[in-house]
Amino acid sequence: MDFPQYQPDKALYTPLTDDELSDLDDFLSELDNDAAMNIEALDGYLSAQLLSPLPLSDKPGAEWMSPVWGGGDPFPSGKQRKKIALLLLRHVHSLSVQWTSKQDEWEPIFSVAEEGEQQLVDAEDWCTGFMIGVDQDGEAWTPLFDHVKTAAALAPIALLGGDESQLSAEDQEKLTDLHWRDALSREVPEGVLTLWTLRSQAE
């Protein structure tokens, strides 16, 4: 099954509309596959693909796209397969453009819950998707978790989206506090932009 590769130099900046994001969300939520991502995990996963030390443009499309829907071929037609692939490519490219020159337009897809008049942000699904992307290129990511600056930027993502069994009892306890999760979630966007800046400087 062939999918197009990511070619940032040939892509136009056309962010997904709310309707297109909704179509993508509907497609994923209707899949009979527990391994399929939701729209929040997808956003985090694609972010990790862009931030990976291994360039996304060097990866075959099928290699990085298929985990989004949990593998296999869930498409009833080639037309729908192409539609979903193009939506993923556009979203990835939009992230790249926004992080580079339109940071005020970027808003990661996080869960938001109402508690009275307060909005509590929960980036767990987004971070889980991000960590799935990290695990794909685990060896390449290892130095980033060891370096002081990149490790600090990755810390809230790893806490919210990593393997909870590897966390200390204290951190596991903190994760039950919705306000602590909210504070941690709000650190994620700054960490992502830090990682992008450092990656761009290294190129």
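All of these numbers come straight from a predicted model, not from anything done at the bench.
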Start with the C-alpha distance between Leu50 and Leu46, add both sets of side-chain angles, then the distance that settles side chain to side chain contact (heavy atoms under 4.5 Å, CB included), and finish with yes or no. CA-CA 6 Å; Leu50 270 180; Leu46 296 182; over 6 Å; no
Does a side-chain heavy-atom distance below 4.5 Å link [X] with [Y]?
| X | Y | result |
| --- | --- | --- |
| Pro60 | Phe3 | no |
| Cys127 | Val188 | yes |
| Met37 | Thr128 | no |
| Leu12 | His93 | no |
| Val134 | Ile157 | no |

Which heavy atom of [X] sits nearest a heavy atom of [Y], and at what distance?
| X | Y | value |
| --- | --- | --- |
| Lys83 | Asp23 | NZ-OD2, 3.8 Å |
| Leu159 | Asp171 | CD2-OD2, 3.6 Å |
| Pro74 | Gly72 | CD-O, 3.6 Å |
| Ala140 | Pro143 | O-CD, 3.3 Å |
| Ser185 | Leu160 | OG-CD1, 3.6 Å |
| Gln5 | Gly61 | CG-N, 3.9 Å |

Could you see if [X] belongs to whatever hydrophobic cluster contains [Y]? Use Ile, Leu, Val, Met, Phe, Trp, Tyr and a side-chain cutoff under 4.5 Å.
| X | Y | answer |
| --- | --- | --- |
| Phe145 | Leu51 | yes |
| Leu193 | Val97 | no |
| Val68 | Leu86 | yes |

Give the C-alpha distance, both sets of side-chain angles, the deciding distance and a yes or no for side chain to side chain contact (heavy atoms under 4.5 Å, CB included) between Asp125 and Ile109. CA-CA 9 Å; Asp125 284 351; Ile109 304 174; over 6 Å; no
Answer yes or no: is there a donor N or O on one side and an acceptor on the other, between the side chain of [X] and the main chain of [Y], under 3.5 Å?
| X | Y | result |
| --- | --- | --- |
| Thr176 | Gln172 | no |
| Asp135 | Gly138 | no |
| Ser52 | Gln49 | no |

How long is the span from the [atom1] atom in [X] to the [atom2] atom in [Y], to the nearest 0.5 Å?
| X | Y | atom1 | atom2 | value |
| --- | --- | --- | --- | --- |
| Leu89 | Lys82 | CG | NZ | 11.5 Å |
| Asn38 | Leu31 | CG | CG | 11.5 Å |
| Leu24 | Ile39 | CG | CD1 | 4.0 Å |
| Ser57 | Gln7 | OG | CD | 8.5 Å |

For the residue pair Gln136 / Glu63, report whether a side-chain donor-acceptor contact shorter than 3.5 Å exists. no
What residue pairs, at least two apart or across chains, pass ring pair (Phe, Tyr, Trp, His ring centres under 6.0 Å) with a residue in residues 21-57? Phe27-Phe75
Could you pull out every donor-acceptor pair under 3.5 Å between side chains of residues 110-117 and any protein atom, sequence neighbours left out?
| residue | atom | partner | partner atom | Å |
| --- | --- | --- | --- | --- |
| Ser111 | OG | Glu40 | OE1 | 2.8 |
| Ser111 | OG | Glu40 | OE2 | 3.0 |
| Glu114 | OE2 | Gln119 | NE2 | 3.1 |
| Glu115 | OE1 | His179 | NE2 | 3.0 |

Within a radius of less than 6.0 Å around CD of Gln103, do more than 12 heavy atoms belonging to other residues, nucleotides or ligands occur?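 More than 12 heavy atoms, drawn from other residues, nucleotides or ligands, come within 6.0 Å of this atom.
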Results of ring pair (Phe, Tyr, Trp, His ring centres under 6.0 Å) for Trp180 - residues two or more places apart only: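 Checked Trp180 against ring pair (Phe, Tyr, Trp, His ring centres under 6.0 Å); zero matches.
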Please enumerate all residues that pass ring pair (Phe, Tyr, Trp, His ring centres under 6.0 Å) together with Trp99, with sequence neighbours excluded. Trp106, Trp196
Residue pairs passing the salt bridge (charged side-chain N to carboxylate O under 4.0 Å, His left out) test with at least one member in residues 91-107, sequence neighbours excluded, are none
Pairs touching residues 52-62 that satisfy salt bridge (charged side-chain N to carboxylate O under 4.0 Å, His left out), sequence neighbours left out: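 Of all non-adjacent pairs touching residues 52-62, those that pass salt bridge (charged side-chain N to carboxylate O under 4.0 Å, His left out) are Lys59-Asp137.
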Among Ile84, Asn33, Leu42, whose side chain to side chain contact (heavy atoms under 4.5 Å, CB included) with Leu28 holds?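 Of the listed options, the one satisfying the test is Leu42.
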Step-by-step side chain to side chain contact (heavy atoms under 4.5 Å, CB included) determination, Ser96 to Tyr6: CA-CA 12 Å; Ser96 174; Tyr6 175 58; 3.8 Å; yes
List the atom pairs, donor and acceptor, that lie under 3.5 Å between side-chain atoms in residues 146-154 and the rest of the protein, sequence neighbours left out.
| residue | atom | partner | partner atom | Å |
| --- | --- | --- | --- | --- |
| His147 | ND1 | Lys149 | N | 3.3 |
| Thr150 | OG1 | Leu144 | O | 2.6 |
| Thr150 | OG1 | His147 | O | 3.4 |

The criterion is salt bridge (Lys or Arg N to Asp or Glu O under 4.0 Å); which residues satisfy it with [X], sequence neighbours excluded?
| X | value |
| --- | --- |
| Asp182 | Arg186 |
| Glu20 | Arg90 |
| Glu170 | Lys174 |
| Asp25 | none |

Classify the angle between the aromatic ring planes of Phe130 and Trp126 as parallel (below 30°), tilted (30 to 60°) or perpendicular (above 60°). parallel
Run the side chain to side chain contact (heavy atoms under 4.5 Å, CB included) check on Ser94 and Leu16 step by step: do they pass? CA-CA 8 Å; Ser94 294; Leu16 299 189; 5.9 Å; no
Among all residues two or more places apart in sequence or in another chain, which pass the side chain to side chain donor-acceptor pair (under 3.5 Å) test with Gln98? Tyr13
